[in-house]
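Working notes, beginning with the structure itself.
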Amino acid sequence: MELKELEAYALEHHIPIMQEEGLDFLLKYIKEHQVKHILEIGAAIGYSAIRMALLSSDITVVTVERDSGRYQEAIKNIKAFGLEKQITIYHMDAFDLELDETFDFIFIDAAKAQYIKFFEKFKQNLATNGTILSDNLNFHGLTKEPDKIESKNLRALVRKINNYTDYLKTNEEFITTFYTLGDGIAVSQRR
Ligand code: SAH
Ligand code: MG
């Protein structure tokens, strides 16, 4: 199995895997900061988890996916890459996932409307000097002018993403740097 096949599958089935530019940033960050133990929220077909695990055999990823079809596909892909030892995937809603371990890196890439809740839930699993990275804060550029969005549901979603950005900007526990690359990335660390 090759990464290109996963990318083609994602494109064909409209699975929002991380964009190359954002992914490059994420992978570079993991390498530069010697991140070893990663928690990912939102596995989809396992693409980003596989990309992270392929960086080094001493990197481990715990990830979670609630959709059955995507979970099955992820299991298949993780096996095809021989990464079963490095990647643990749970099939459940992330809000039901209770973990005792701490991670030096948490990647939030699941339902955009729930980002504040994901952050609040999983910050307890973050090592003291750990980093939380959130993806899709620009949401295809829509976050700039939410009032112009005609669809009510989409407008509500985009407002929630903007609420998350405000939440990070005003967070007293974490300091966040925002990057406009990819679909918009936030990197948060404890103050
Ligand atoms: N990180 C992946 C893409 C994830 S797409 C990659 O870049 O390759 C987001 C995924 O999060 C979707 O497959 C969706 O089903 C899942 N998801 C959304 N909310 C979730 C939740 N509350 N619990 C578990 N999975 C969730
Ligand atoms: Mg994403």
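Note that ligands are numbered from 1 as they come in the structure, with each ligand's atoms numbered from 1 the same way.
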Got the closest protein heavy atom to atom 18 (C) of ligand 1, with its distance?
Ala111 N, 3.2 Å
Do the side chain of Asp67 and the main chain of Arg70 share a donor and acceptor less than 3.5 angstrom apart?
yes
Out of all atoms in ligand 1, which are within 4.0 Å of some heavy atom of Pro16? Include the element for each.
3 (C), 5 (S)
Heteroatom distance test (Gly42, ligand 1): nitrogen or oxygen, under 3.5 angstrom
yes
Pairs of nitrogen or oxygen atoms closer than 3.5 Å, one from Gly46 and one from ligand 1: do any exist?
no
Please assess Lys36 against Asp58 for the test salt bridge (charged side-chain N to carboxylate O under 4.0 Å, His left out), listing each intermediate value before the final yes or no.
CA-CA 7 Å; Lys36 296 298 173 209; Asp58 63 356; 3.3 Å; yes
What distance do Leu83 atom CG and Thr88 atom OG1 have between them, rounded to the nearest 0.5 Å?
11.5 Å
Considering only non-hydrogen protein atoms, determine which one is nearest to atom 9 (C) of ligand 1 and report residue, atom name and distance to 0.1 Å.
Asp109 O, 3.1 Å
If two hydrophobic side chains count as joined below 4.5 Å and joins carry through other members, does Leu126 share a cluster with Leu26?
no
Distance-only, no hydrogens or angles: does the Asn136 side chain make a donor-acceptor pair with backbone N or O of Phe139 under 3.5 Å?
no
Which protein non-hydrogen atom lies closest to atom 15 (O) of ligand 1, naming both residue and atom, and how far is it?
Glu65 OE2, 2.6 Å
Just heavy atoms, cut-off under 4.0 Å: does Ala49 contact ligand 1 by side chain, backbone, both, or neither?
neither
Nearest protein heavy-atom contact for atom 2 (C) of ligand 1: which residue, which atom, what distance?
Ser48 OG, 3.3 Å
Among all protein heavy atoms, pick out the one at the shortest distance from atom 12 (C) of ligand 1; state its residue, atom name and that distance to 0.1 Å.
Arg70 NH1, 3.2 Å
For the CZ atom of Phe95 and the CD1 atom of Ile41, what is their distance to the nearest 0.5 Å?
9.0 Å
Under the 6.0 Å and 45° cation-pi test, does Lys117 pair with Phe122?
no
I would like to know whether Tyr29 and Phe105 meet ring-ring contact (aromatic ring centres under 6.0 Å, His included); could you show each step before the answer?
CA-CA 10 Å; Tyr29 191 97; Phe105 191 83; 5.8 Å; yes
Please state which protein non-hydrogen atom is closest to atom 23 (N) of ligand 1 and give its distance, to 0.1 Å?
Ala94 N, 2.8 Å
Specify the protein heavy atom at minimum distance from atom 22 (N) of ligand 1: its residue, its atom name, and the distance to 0.1 Å.
Asp93 OD1, 3.2 Å
I'd like to check which ligand 1 atoms, numbered from 1 as shown, lie under 4.0 Å from a non-hydrogen atom of Tyr47.
8 (O)
Does any non-hydrogen side-chain atom of Ile89 lie less than 4.5 Å from one of Val64?
no
Aromatic ring proximity, centroids under 6.0 angstrom, Tyr90 and Tyr71
no
Taking 2.8 Å as the limit, list every protein N, O or S atom around the Mg ion (ligand 2), by chain and residue number.
Asp109 OD1, Asp135 OD2, Asn136 OD1
Measure across Lys121 and Ala94 and return the closest heavy-atom pair with its distance rounded to 0.1 Å.
CE-O, 3.2 Å
Which of the numbered atoms in ligand 1 are under 4.0 angstrom from any heavy atom belonging to Ala44?
3 (C), 4 (C), 5 (S), 13 (O)
Under 3.5 Å between some N or O of ligand 1 and some N or O of Met18?
yes
Which bit of Gln114 is near ligand 1, meaning a heavy atom under 4.0 Å away: side chain, backbone, both or neither?
neither
Less than 4.0 Å is my threshold; does some heavy atom of Arg51 fall inside it relative to ligand 1?
no
Residue among Thr131, Asn129, Thr128 satisfying side-chain hydrogen bond (donor to acceptor under 3.5 Å, both in side chains) with Gln189:
Thr131
Would you mind telling me if ligand 1 is within reach of the side chain of Arg66, the backbone, both or neither, using heavy atoms under 4.0 Å?
both
Taking 4.0 angstrom as the limit and counting only heavy atoms of Ala110, give me the atoms of ligand 1 inside it, by number and element.
11 (O), 17 (N), 18 (C), 19 (N), 20 (C), 26 (C)
Determine yes or no for a side-chain-to-main-chain donor-acceptor pair under 3.5 angstrom, with Asp183 supplying the side chain and Asp135 the backbone.
no
Hydrophobic clusters here meaning ILVMFWY residues chained together by side-chain heavy-atom distances under 4.5 Å, can you tell me if Met52 and Ile108 are in one?
no
Donor-acceptor under 3.5 Å (Glu21 side chain, Gly182 main chain):
yes
Ring center gap for Tyr115 and Tyr167 short of 6.0 angstrom
no
Contact partition for Phe118 relative to ligand 1, non-hydrogen atoms under 4.0 Å:
side chain
Atoms in ligand 1 flagged as close to Met92, the criterion being non-hydrogen separation under 4.0 Å
23 (N), 24 (C)
